[in-house]
Amino acid sequence: MSGNERFDGRCLCGAVGVSVLAENRHVDACHCSMCRKWGGGPLFVLDGITEARFDGEADITVYASSDWAERGFCRHCGTHLFYRLKAGGECAVPVDLIDGDAEWALVRQIFVEEQPAHYRIANDTPRLTGAEVFAQYSADPG
């Protein structure tokens with residue numbers, strides 16, 4: 001796939017809708033302790049989102065999970081809606097929030113030094129440490 005494609009989804013109870021425009025069908029897996037605590041396992045998010053819109057804003061609760069990021073969830077059913085950087089607003093949306101059965105490809109795993117011993121993802125992907133991820137963002141001119 002090349003170019004942008006729109007994907008839509010809703011939270012578990014239907015109160016919040018999401019519509020994303022993505023450059024690809026790529027997925028990243030985050031193994032950081034915060035993502036694992038938030039969702040009970042690694043967080044699988046869409047990569048290459050150029051736009052994310054949410055309807056039902058009044059039903060979204062935002063938690064400032066760190067100095068640089070926040071996490072949004074439905075205040076009714078608790079569905080995880082996004083991980084968003086406070087500076088610049090870059091938004092990561094869980095892939096399984098999207099409706100339908102589009103073919104997604106796991107392309108990268110991050111914060112691999114925090115991955116616990118009780119699971120392993122068999123996909124052959126680049127595996128970045130947290131320091132490598134932060135270095136990429138600090139080198140990003142945007």
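Residue numbers run from 1 in the order of the sequence given. Here the structure is a predicted model, which means the values were calculated and not measured.
Of the possible polar contacts, one joining the Glu114 side chain to the Ser33 backbone as a donor-acceptor pair under 3.5 Å is found. Counting only distance, with no hydrogens or angles, the side chain of Arg36 and the backbone of His31 share a donor-acceptor pair below 3.5 Å. Looking at Lys86, its side chain does come within 3.5 Å of a backbone N or O of Ser66 through a donor-acceptor pair. Panel note: side chain Gln115, backbone Tyr119; a donor-acceptor pair is recorded below 3.5 Å. Here the side chain of Asp55 pairs a donor or acceptor atom with the backbone of Gly17 at under 3.5 angstrom. For Thr129 (side chain) and Phe111 (main-chain N/O), no donor-acceptor pair under 3.5 Å exists by modelled atom type. Checking side-chain atoms of Thr125 against main-chain N and O of Val107 turns up no donor-acceptor pair under 3.5 Å.
Here the closest heavy-atom approach between residue Arg75 and residue Ala58 is recorded as NE-O, 3.2 Å.
Under the 4.5 Å side-chain heavy-atom criterion for Ile, Leu, Val, Met, Phe, Trp and Tyr, Val112 and Leu43 are members of distinct hydrophobic clusters. Criterion: ILVMFWY side-chain heavy atoms under 4.5 Å apart, direct or through other members. Under it, Leu81 and Leu12 are not part of a common hydrophobic cluster. With hydrophobic clusters built from ILVMFWY side chains whose heavy atoms lie under 4.5 angstrom apart, Val95 does not share a cluster with Val45.
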Stepwise side chain to side chain contact (heavy atoms under 4.5 Å, CB included) check, Phe73 with Val62: CA-CA 7 Å; Phe73 56 94; Val62 177; over 6 Å; no
Using the rule given for side chain to side chain contact (heavy atoms under 4.5 Å, CB included), can you reason through Arg10 versus Val18, listing the C-alpha separation, both sets of side-chain angles and the distance that settles it, and then say yes or no? CA-CA 6 Å; Arg10 298 202 78 69; Val18 61; over 6 Å; no
Decide side chain to side chain contact (heavy atoms under 4.5 Å, CB included) for Ile60 and Cys74; before the verdict, give the C-alpha distance in whole Å, the side-chain angles of both, and the deciding distance to 0.1 Å. CA-CA 5 Å; Ile60 297 174; Cys74 174; over 6 Å; no
For the pair His26 and Leu46, evaluate side chain to side chain contact (heavy atoms under 4.5 Å, CB included) and give the outcome as yes or no after the intermediate values. CA-CA 6 Å; His26 295 171; Leu46 300 175; over 6 Å; no
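Within the 6.0 Å centre-distance limit, the rings of Phe82 and Phe54 are counted as a close aromatic pair. You'll find the ring centres of Trp38 and His80 inside the 6.0 Å limit.
Taking Ile, Leu, Val, Met, Phe, Trp and Tyr as members and joining any whose side-chain heavy atoms lie under 4.5 Å apart, directly or through other members, Met34 forms no hydrophobic cluster with any other residue.
With contacts defined as side-chain heavy-atom distances shorter than 4.5 Å, the pair Val16/Thr79 does not qualify. You'll find the side chain of Leu128 reaches within 4.5 Å of the side chain of Arg108, heavy atoms only. Proximity of Val20 to Ile98: side-chain heavy atoms (C-beta onward) are separated by under 4.5 Å at one or more points. Residues Leu85 and Glu70 have side chains not in contact (no heavy-atom distance under 4.5 Å, counting atoms from C-beta outward). When side chains are defined from C-beta on, Glu23 does not count as touching Glu5, because their heavy atoms never get closer than 4.5 Å. For the pair Leu21/Ile49, no side-chain contact is recorded, criterion being any heavy-atom separation below 4.5 Å from C-beta on.
Salt-bridge check for Asp8 with Arg53: failed, with every basic side-chain N at 4.0 Å or more from each acidic carboxylate O.
Here the CD1-CZ distance, from Ile121 to Arg127, works out to 8.0 Å after rounding to the nearest 0.5 Å. Atoms OH and OG, on Tyr83 and Ser65 in that order, are 6.0 Å from each other to the nearest 0.5 Å.
Within 6.0 Å of the OH atom in Tyr63, the count of heavy atoms belonging to other residues, nucleotides or ligands does not exceed 12.
Considering only residues two or more places apart in sequence or on other chains, Arg71 meets the salt bridge (charged side-chain N to carboxylate O under 4.0 Å, His left out) condition with none of them.
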